[in-house]
There are 2 protein chains.
Amino acid sequence: MELGSNRKSRMISLLRNANVRITDQRIALLSVISEANDHPDVLELQKRAKKICPSISLATVYRTLLSFLESGVVHRNSFEGGGARYEMAKEEHHDHIIDVDTGEVVEFNSDIIENLQFEIASKMGYDVIHHRLDLYCRKVSK
Amino acid sequence: MELGSNRKSRMISLLRNANVRITDQRIALLSVISEANDHPDVLELQKRAKKICPSISLATVYRTLLSFLESGVVHRNSFEGGGARYEMAKEEHHDHIIDVDTGEVVEFNSDIIENLQFEIASKMGYDVIHHRLDLYCRKVSK
DNA sequence: AGAATAATGATAATCATTCTCAAAGATAAG
DNA sequence: CTTATCTTTGAGAATGATTATCATTATTCT
Ligand SMILES: [Mn+2]
Ligand SMILES: [Mn+2]
Ligand SMILES: [Zn+2]
Ligand SMILES: [Zn+2]
C-alpha cells in the first residue's frame, strides 16, 4: 500500500518536531494510529502498519509506541484482559465504556465527574496526576 | 506462627460455606486477606500466608485467589505497574487513590460519581456491569 | 560520498499468570 | 480406624505481554 504524499509529509513534519529520525516504520505507525477511530492493540497496529511498511517488526512497534507515549502523541489504555490498546491523544480528555460482550469501546466525558475527582483528591490532600475511569458494560436488552 | 482457634474456626466455616475442602493453605490465605488492611499483591500474600502455612506455593496462592474471586469474597485490583493487588470484598463499594510516589493506596467513594456513571451509561444504552476508577495522585506539597 | 549516530529486526530475557501432572491430603463409606 | 474416591497441592513447564540485547542497516551531518 502507498501513502498519500500529503498525509506522508504531515507525518514527517510531526516526527521532525519530535526530534527523531524519519523512518518508514515511524511514518507508517503514526499514520495508522492517527487514522484509526478505534482502540487497536499492538498486534492490530502492526498488521495495519505492515500494509504501508511490510518489514516492521513487533519490537519496533513496541519501541515506537513507547516513544510516542513519552512525547504525548498517543495514549495507552490497559483494559481488562489482553494487552494494551492505543489511540491518538486527543485535544480533550475522555473516559471509556467497554462492551464486555464484544470488546467494543465507546468514549464519553463528564466535566462533573472530572471535577468531583479533583475535589475528592484535594480534600484528602492529593493532586490528581492522571486517572482511569473504565465502565465495563452490557447493551441494555430492549 | 499459630492461628487463634476462634479465627481459625471462623475461616473454616467460611470455607465450608463455599463448598470446598478445608486445607491449611486456604485457611492461611483467607485469614491473611481478611486481616490485611492494605492492598497486597500475590507475593506479599504468599509471604504472609507462609507464616501460618510455610509450605504454601505460588501456584496455590494464584489458584486460591481465583476461587475466592469467583465466589466473591475478594476483589482484585489491577493498578498500573506490577501485578494485581487483592483485598477482602467489603460491604460497600469503593474506589482508589494510588500515591504515584509511594504506591500507597487509599480508598474513597462518592455516590454522586457512582450515579453519574450509571446515568451516562444508561443514556448510551448500556448497563454498567462493573467499573474501575483509579486516581493516580501525589501528595500536595504543603 | 563518508563518518558518525540512531533505529531496526531477530531473538533472548523478564514478569505475571496459568497449566500439567504425579504425589499428598481431605472426605465419605464401611 | 481403614479404605476407596475424589480434590488439592507443589514444582516446574508453558503462555502471553512486554522489554532488553546486539549485530546489521538506515538516517543524518559534514
Ligand atoms: Mn479513547
Ligand atoms: Mn480497596
Ligand atoms: Zn476522566
Ligand atoms: Zn466506583
Kindly say if [X] contacts the phosphate of [N], meaning a side-chain N or O under 4.0 Å from OP1 or OP2.
{"X": "B:Tyr62", "N": "C:dT18", "result": "no"}
{"X": "A:Thr23", "N": "C:dT8", "result": "yes"}
{"X": "B:Gln25", "N": "D:dG10", "result": "yes"}
{"X": "A:Ser57", "N": "C:dT8", "result": "no"}

Rounded to whole angstrom units, what separation is found between the [atom1] atom of [X] and the [atom2] atom of [N]?
{"X": "A:Ile27", "N": "C:dT8", "atom1": "CD1", "atom2": "P", "answer": "11 Å"}
{"X": "A:Gln46", "N": "C:dT8", "atom1": "CD", "atom2": "P", "answer": "13 Å"}
{"X": "A:Ile56", "N": "D:dT25", "atom1": "CD1", "atom2": "P", "answer": "19 Å"}
{"X": "A:Leu58", "N": "C:dT14", "atom1": "CG", "atom2": "P", "answer": "19 Å"}
{"X": "A:Leu66", "N": "C:dA7", "atom1": "CG", "atom2": "P", "answer": "13 Å"}
{"X": "B:Leu15", "N": "D:dT7", "atom1": "CG", "atom2": "P", "answer": "17 Å"}
{"X": "B:Arg26", "N": "C:dT27", "atom1": "CZ", "atom2": "C1'", "answer": "13 Å"}
{"X": "B:Leu45", "N": "C:dA16", "atom1": "CG", "atom2": "P", "answer": "14 Å"}

Candidates C:dG9, D:dA11, D:dT19 - which lies nearest the side chain of B:Ala59: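 Selected nucleotide: D:dA11.
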Side chain proximity check, B:Lys90 to B:His75, heavy atoms < 4.5 angstrom: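 No, their side chains stay 4.5 Å or more apart.
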B:Met88 side chain reached by B:Leu30 side chain, heavy atoms, under 4.5 Å: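 B:Leu30 vs B:Met88: side chains touch.
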More than 12 heavy atoms of other groups within 6.0 Å of B:Ile112 CD1: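 No, CD1 of B:Ile112 has 12 or fewer neighbouring heavy atoms, counting only those of other groups under 6.0 Å.
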A:Glu80/B:Arg132 ion pair, N-O < 4.0 Å: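 Looking at B:Arg132 together with A:Glu80, the answer is no, because their closest N to O distance does not fall below 4.0 Å.
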Pairs satisfying side chain to side chain donor-acceptor pair (under 3.5 Å), at least one member in residues 45-56 of chain A, at least two apart: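 Residue pairs with at least one partner in residues 45-56 of chain A: A:Asp38-A:Arg48, A:Glu44-A:Arg48.
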Of A:Leu43 and B:Cys53, the one whose closest DNA chain D nucleotide lies more 5':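 By nearest-heavy-atom nucleotide position, the 5'-most residue is B:Cys53.
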DNA chain C: 5'-proximal contact among A:Ser55 and B:Arg21 (nearest heavy atom):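 Its nearest nucleotide lies further toward 5', so the answer is A:Ser55.
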D:dT19 base / A:Arg63 side chain donor-acceptor hit below 3.5 Å: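 It does not, because no donor-acceptor pair links the side chain of A:Arg63 to the base of D:dT19 below 3.5 Å.
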